[in-house]
Amino acid sequence: MSNKRLIGSMPKIGIRPTIDGRRKGVRESLEEKTMNMAKAVAQFLSENLRYNNGDSVECVIADTCIGGVKEAAEAKEKFEKESVGLTITVTPCWCYGSETMDMNPRRPNAVWGFNGTERPGAVYLAAVLAAHNQKGIPAFGIYGRDVQDIEDHSIPADVQEKLLRFAKAGLTVAMLKDTSYLSMGSVSMGIAGSMVNEELFQDYLGMRNEYIDMSEFTRRIEEKIYDEQEFEKAYKWVKEKCVIGSDINSAENQRTEEQKEEDLQMNIKMTIITKDLMEGNPRLAELGYEEEAMGRNAIASGFQGQRQWTDHFPNGDFMEAILNSSFDWNGIRAPYIVATENDALNAITMLFGHLLTNTAQVFADVRTYWSPDAIKRVTGYEVNGQAENGVIHLLNSGAAALDGTGEQSLDGKPVMKPFWDITAEEVEKCLNATKWRPANTEYFRGGGFSSNFLTKGGMPVTIARVNLLKGLGPVLQLAEGYTVDLPEKVHEKLNDRTDPTWPTTWFVPNLTGDGAFRDVYTVMNNWGANHCAMSYGHIGADLLTLAAMLRIPVNMHNVSEENIFRPSAWNMFGTKDIEGADYRACATYGPLYS
């Protein structure tokens, strides 16, 4: 596999073995142990992490142990040539802190100081973290709980956990840098998230912003600036694999069969064109469209759609749902990130979840909190089990990845997998569980199709959202929880009150009994916008680490305190009120790229 979508190579992890610089016995006795630590970390990370294109993560080790400034500079030079995006410093012994530390303030850095008594690696860890803090270059400290013997070359489980958490978040930071967000259209229905804030992308994520008007779609369709051979392939696949559902519109509001066929074809062309706009397509150059062939180097995009487009043309639901999924007519592949209604803030959140997990993301409205009393009043059913405190209805008009059906499985349980683990049989199941319903023409006058499915219960998931506050900047909120099943008739009764043509996920957050997580209603009541991104797995701790790297404070989460992993400097802003300390640290250091 290889990364063909974006310009440049994948970021690598730089491993920095630091050592006591004293010669004539001290350094010589530590060379092998120190370098072996570096090799062990590199091997561990490469064996356990993959990029979102499926390739194993690459690590680069400094050519020599780093005992002073000269060797630190040599490692820096090597890392810059090797596209290193984050570094991990490892040592079993005392070293000269400010002489050996990584001084790059915009590259995530962690330090693992070996917890052993024969040599004071943990003393160096404390000293170098103090240097990082004093110089204003935050670094993550990794300190094993249990003392190891000097001849023990293993990586303890608690150290492994922190290495993985740091590496996943650091790789996410590095992979965002120098890519683009493509805004296709502008503001949708006054939704604030679609008011693209360039300072947020540039200062916090190191990204650039690209823009097109939605008329670019009509130009490319009318002038046939797309690969017609791919269209024919896609059209055949859609007719064979995609199940068209029933039309809920009244007879006078239904589009004719001829119009629906035209809508479907246009939706397929919109999908192909969006891919071309994001990543480029050499086939277009062969057709004489060299400029269009180049693309926008976009790691994510958003489509305005409503209402200037959808009052006249088919909606973007098919395009968004297929691109966000881990498969299409070209086979199983990495998902794209495409936000409905051009909600750039939700696109950022989807990017976070995707790059941390390598899985597809579900874009959804945080639509409704259904209390147990309300469910019983409307359906006569008394909820129990995980749903006993009520449920949150996640629903949107069709941008949700089809992976969100829960039709992929592991050990008999529903999951959402990285694309390289998805089987052809699971693709078929996701497609068969999805009905493409003709669009509700009261909402979408120009027609189109919306994906309609019900997410299987029992999946651990995390919903998250980046919000933007004037005077403060971006703030992240998240809630770990589970998808749940409701009896079919109960689901239908509740679902029909909104729009039965759209995909539904019934979500229950994990409650702590405190703050925003004292009950399900309070989670809903504290959510900062109408949208969220849902990612498979409980990834809240990874999101907290990532947010700290980017200097985005977190106002709401249900991650246990022992799993919070932030730079050492955050402790200096207070250890009792951790949420307040996070805000103060982020305000002090400011955006990563400002």
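No experiment lies behind these values; they were computed from the predicted model shown. In what follows, residues are counted from 1 in the order of the sequence shown. Computation of the quantities below employed the complete heavy-atom set of this structure, encompassing side-chain atoms and omitting hydrogens, waters and symmetry-equivalent molecules.
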*asked:* For the residue pair S180 / N297, report whether a side-chain donor-acceptor contact shorter than 3.5 Å exists.
replied: no
Determine whether a donor-acceptor pair (N or O, by modelled atom type, separation under 3.5 Å) exists between the side chain of N324 and the backbone of V338. yes
request  = Decide yes or no on side chain to side chain contact (heavy atoms under 4.5 Å, CB included) for Y583 and L472, but give the supporting numbers first.
outcome  = CA-CA 10 Å; Y583 271 79; L472 176 61; 3.9 Å; yes
*asked:* Is it the case that the ring center of Y589 lies less than 6.0 angstrom away from the ring center of W570?
replied: yes
Original post:
Is the side chain of E210 donor-acceptor paired with the backbone N or O of R296 at a distance under 3.5 Å, no angle test?
Top reply: no
**Message:** A side-chain contact here means heavy atoms from C-beta on lying under 4.5 Å apart; do V554 and V559 qualify?
**Reply:** no
Between the side chain of N315 and the main-chain N/O of G305, is any donor-acceptor distance below 3.5 Å?
no
How about F565 and F166: are their ring centres within less than 6.0 Å of each other? no
Would you check if E407 and F453 make a side-chain contact, meaning some heavy-atom pair closer than 4.5 Å?
no
task = Verify, without hydrogens or angle tests, whether D365 (side chain) and L394 (backbone) share a donor-acceptor contact under 3.5 angstrom.
result = no
Is the side chain of N526 donor-acceptor paired with the backbone N or O of T522 at a distance under 3.5 Å, no angle test?
yes
ask   = Hey, does L550 have a side-chain heavy atom less than 4.5 Å from the side chain of V173?
value = yes
d(N555 CG, L476 CG) to nearest 0.5 Å is 8.0 Å
To the nearest 0.5 Å, atom CD1 of I552 lies from atom OH of Y204 at 7.0 Å
Separation between CE (M549) and CZ (R107), nearest 0.5 Å, reads 13.0 Å
*Does one side chain, of T512 or N558, offer a donor that lies under 3.5 Å from an acceptor on the other?*
no
Next on the checklist: Taking L129's backbone N and O only, do any of them form a donor-acceptor pair with N133's side chain (distance below 3.5 Å, no angle check)?
Outcome noted: yes
query = Okay, side chain of R584, backbone of F573: is any donor-acceptor separation there less than 3.5 Å?
reply = yes
inquiry  = Looking at D514, I want to see if its CG is surrounded by more than 12 non-hydrogen atoms of other residues, nucleotides or ligands under 6.0 Å.
reply    = no
Rounding to 0.5 Å, atoms CE (M319) and OH (Y336) come to a distance of 13.0 Å
CD of E320 to OG of S325, rounded to nearest 0.5 Å, is 11.5 Å
- Tell me, do I191 and H531 make a side-chain contact under 4.5 Å, heavy atoms counted? yes
**Request:** Verify the neighbour count for atom CZ of R333: are there more than 12 heavy atoms of other residues, nucleotides or ligands below 6.0 Å?
**Result:** yes
key: S46 side chain to V57 backbone, donor-acceptor under 3.5 Å   = yes
- Message: Side chains of Q304 and S188, heavy atoms from C-beta outward: is any pair under 4.5 Å?
- Response: yes
The residue among V196, L200, L182 that forms side-chain contact (heavy atoms from CB on, under 4.5 Å) with N209 is V196
Discussion item. Once you measure the plane-to-plane angle for W506 and H491, does it fall in the parallel (<30°), tilted (30-60°) or perpendicular (>60°) bin?
Written reply: perpendicular
Around atom OH of Y369, are there more than 12 heavy atoms from other residues, nucleotides or ligands closer than 6.0 Å? yes
The single option from D403, D421, T423 that satisfies side-chain hydrogen bond (donor to acceptor under 3.5 Å, both in side chains) with Q408 is D403
Tell me if the CD atom of E382 is crowded by more than 12 foreign heavy atoms within 6.0 Å.
no
Decide, yes or no, whether a salt bridge links R145 with D158 under the criterion of side-chain N to carboxylate O below 4.0 Å.
no
Next on the checklist: If we ignore hydrogens and angles and just use 3.5 Å, is the side chain of T575 paired with the main-chain N or O of N571 as donor and acceptor?
Outcome noted: no
Next item on the list: Before accepting this row, confirm whether a basic side-chain N of the pair E279/R5 lies closer than 4.0 Å to the acidic partner's carboxylate O.
Entry: yes
* Asked: For residues D317 and S397, is any side-chain donor paired with an opposing acceptor at under 3.5 Å?
  -> yes
State whether the side chain of Q386 and the backbone N or O of V484 hold a donor-acceptor pair below 3.5 Å, judged by distance alone. no
Handout entry: Donor-acceptor side-chain pairing of S371 and D373 below 3.5 angstrom
Key = no
- [ ] Decide yes or no on salt bridge (Lys or Arg N to Asp or Glu O under 4.0 Å) for R465 and D343, but give the supporting numbers first.
- [x] CA-CA 11 Å; R465 168 75 182 184; D343 186 347; 2.6 Å; yes
Donor-acceptor side-chain pairing of T455 and T483 below 3.5 angstrom
no
Is it the case that over 12 heavy atoms from other parts of the model lie below 6.0 angstrom from the OH atom of Y211? yes
Does one side chain, of N104 or D102, offer a donor that lies under 3.5 Å from an acceptor on the other?
no
When L478, I463, T359 are each screened for side-chain contact (heavy atoms from CB on, under 4.5 Å) with S535, the one that passes is T359
Report the relative orientation of the aromatic rings in Y181 and F201; use parallel for angles under 30°, tilted for 30 to 60°, perpendicular for over 60°.
parallel
*Under 4.5 Å between any side-chain heavy atoms of H538 and N510, yes or no?*
yes
Output for pair (M189 CE, Q306 CD), nearest 0.5 Å, gives 3.5 Å
| query | Looking only at side chains, do N52 and N358 share a donor and an acceptor under 3.5 Å apart? | reply | no
